[in-house]
Amino acid sequence: MIFRILAVVVWSVMTVTVSTAAAFLESGRLDWLNYLLTLAIASTVQGFPAHIVNEIMDWQTGADRFRKLGEKSGGSKVLKAGLATVPQLWWMFGVTSLIGFLLIALLYFRTGPAVIVFFAVGYFVSLFYTLPPFRFSYRPFAGEWLGGFPGVVLTITGTYYVQTGRISARALFLAVWIGLVYVSIMVLFHYLDYEGDRQARPMKRTTIVFLGLRRSKRYVLALLLLAGVLSTAQAWKSPPLYWLMPLSVAVYGIIHLRCDPSSAESVVRQGRLLTYAVMAFSLAFSVTAEPRLAVAGLMTLAAFYLHKKFGKLRSLKPAKEPS
């Protein structure tokens, strides 16, 4: 549950796979071991250290205590449900961080020191999203632009680098507009935590809290409009397959338009559609570019099974409050 497997698939598996496909289109080569190592690094760092720190900090400030167990809200809810204690999560943080850095070391020996910039920096960016003293997510706009956006850009460009040994202008362009899309996804799911974040001490003054729900939706749509312009510009000068990209942004925009930020049911419903759409377009691009990347589709199917089997609360009755 702490891993939040569907979020990891969207943010890590899809971005790594799309970047690998883009690298293959440009270079004609695919290093499978580097692909799998990059997947493992991105998924481990996001799924455990980043999510664990987010869980602990939001619990201690009260952001995750506002809504009752069973109500729609963010986070994994493992602390709220009494499934783990804070010390247990810190132990898990230490072990998984060590695993993440061992994986980075393996990739370092296969590719060179530049991977430290991409993945080690990405590790610390993900931690300071909620960890003091920076706590990007507790400050308006900082959560997206100093936490989420750099994480996506580093993952995409880092993946491209380990496949090709360089960063092309096309890869950088791809990373920037996809980063804009992922910022919009981040903001949509933060609608659920609007009231809880306002109750946190210190207040979790996210962009949603700062702008309010109505203006936040306009902010998201503006980001998607910019992403649409950039993805269209890239498609003009790229292989025809890249036209899937502006089409995907248009679909994401429609989903955001249909979302009512003040309704938890609407946010969950449209958020689910957005998750499916990101997976579908990412896999369509990747598998068309290189059919062997259909392995990512198998990972996605496994993720849905694991989410249904282990990623949800079996009971809404909380245990004693964790220390």
Side-chain angles (χ1 to χ4, degrees), residues 8-51 53 93-129 131 134 136 145-180 182 234 237-239 241-242 282 285-287 289-293 295-296 299:
V8 171
V9 170
V10 171
W11 282 80
S12 295
V13 177
M14 292 299 108
T15 52
V16 168
T17 302
V18 165
S19 185
T20 300
F24 179 82
L25 283 175
E26 198 158 329
S27 69
R29 297 189 304 274
L30 196 163
D31 187 314
W32 278 102
L33 186 52
N34 283 358
Y35 169 65
L36 293 175
L37 277 173
T38 308
L39 269 182
I41 292 167
S43 300
T44 299
V45 169
Q46 182 199 353
F48 289 113
H51 282 167
V53 167
F93 169 85
V95 172
T96 54
S97 292
L98 177 60
I99 291 171
F101 276 100
L102 289 174
L103 291 169
I104 293 172
L106 285 174
L107 196 56
Y108 164 83
F109 287 119
R110 286 186 55 81
T111 60
V115 298
I116 302 298
V117 175
F118 294 111
F119 298 107
V121 172
Y123 170 85
F124 288 105
V125 165
S126 68
L127 294 193
F128 287 118
Y129 180 71
L131 195 65
F134 300 114
F136 299 138
W145 298 111
L146 298 179
F149 183 78
V152 172
V153 171
L154 287 167
T155 299
I156 292 176
T157 53
T159 299
Y160 193 93
Y161 174 82
V162 302
Q163 289 294 329
T164 65
R166 61 191 179 88
I167 300 296
S168 70
R170 181 176 292 164
L172 189 57
F173 213 73
L174 183 73
V176 168
W177 75 255
I178 290 181
L180 292 172
Y182 274 72
Q234 182 166 41
K237 296 185 177 182
S238 301
L241 182 58
Y242 274 81
S282 298
F285 177 85
S286 303
V287 174
E290 169 50 271
R292 291 177 296 172
L293 288 173
V295 67
M299 295 178 192

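Please read all numbers here as calculations on a predicted model, not as lab measurements.
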Rounded to the nearest 0.5 Å, how far apart are OG of Ser282 and CD1 of Ile178?
7.0 Å
Leu33 versus Arg110, closest heavy-atom pair with distance
CD2-NH1, 3.3 Å
Looking at CZ of Arg166 and OH of Tyr161, how far apart are the two atoms once the value is rounded to the nearest 0.5 Å?
12.0 Å
Is the shortest side-chain heavy-atom distance between Val125 and Leu146 below 4.5 Å?
no
Shortest non-hydrogen contact from Leu39 to Ser12?
CD2-O, 4.4 Å
Specify the closest pair of heavy atoms between Phe285 and Leu25, including all atoms of both residues, with the distance to one decimal.
CZ-CD1, 3.9 Å
How about Ile167 and Phe118: do any of their side-chain heavy atoms sit closer than 4.5 Å?
yes
Ile156 and Ala171: which non-hydrogen atoms are nearest, and at how many Å?
CG2-O, 4.3 Å
Side-chain contact, heavy-atom cut-off 4.5 Å: Thr157 with Leu172?
yes
Minimum heavy-atom distance between Val153 and Ala175, given as atom pair plus value:
CG2-O, 3.7 Å
Residues in side chain to side chain donor-acceptor pair (under 3.5 Å) with Ser168, at least two apart?
Glu26, Tyr160
Are any of the side-chain heavy atoms of Ser238 and Phe173 separated by less than 4.5 Å?
no
Which residues pass the side-chain contact (heavy atoms from CB on, under 4.5 Å) test with Ala120, sequence neighbours left out?
Phe101, Ile116
Kindly determine whether Phe149 and Tyr182 satisfy side-chain contact (heavy atoms from CB on, under 4.5 Å), including the steps that lead there.
CA-CA 7 Å; Phe149 183 78; Tyr182 274 72; over 6 Å; no
Between the CG atom in Leu131 and the CZ atom in Phe128, the distance rounded to the nearest 0.5 Å is 5.5 Å
Any side-chain heavy-atom pair from Met299 and Val9 closer than 4.5 angstrom?
no
Report yes or no: does Ser126 contribute a side-chain atom to a donor-acceptor pair with the main-chain N or O of Tyr123 at less than 3.5 Å?
yes
What residues form a side-chain contact (heavy atoms from CB on, under 4.5 Å) with Thr96, not counting sequence neighbours?
Phe48, Pro49, Ile52, Met92
Rounded to the nearest 0.5 Å, the OG1 atom of Thr15 sits from the CG atom of Leu174 at a distance of 10.0 Å
Can a donor-acceptor pair be found between the side chains of Tyr35 and Thr159 at a distance below 3.5 Å?
no
Could you give the distance from CD (Gln163) to OG1 (Thr20), rounded to the nearest 0.5 Å?
5.0 Å
Shortest non-hydrogen separation from Thr111 to Leu107 and the atoms involved:
OG1-O, 2.7 Å
Hey, does Val162 have a side-chain heavy atom less than 4.5 Å from the side chain of Phe119?
yes
Applying the side chain to side chain contact (heavy atoms under 4.5 Å, CB included) test to Gln46, which of Val8, Val13, Ile41 qualifies?
Val8
Should Lys237 and Tyr242 count as side-chain neighbours, where that means a heavy-atom distance under 4.5 Å?
no
side-chain contact (heavy atoms from CB on, under 4.5 Å) between His51 and Phe93, intermediate numbers included
CA-CA 9 Å; His51 282 167; Phe93 169 85; over 6 Å; no
For the residue pair Trp32 and Val295, establish whether any side-chain heavy-atom pair is separated by less than 4.5 Å.
yes
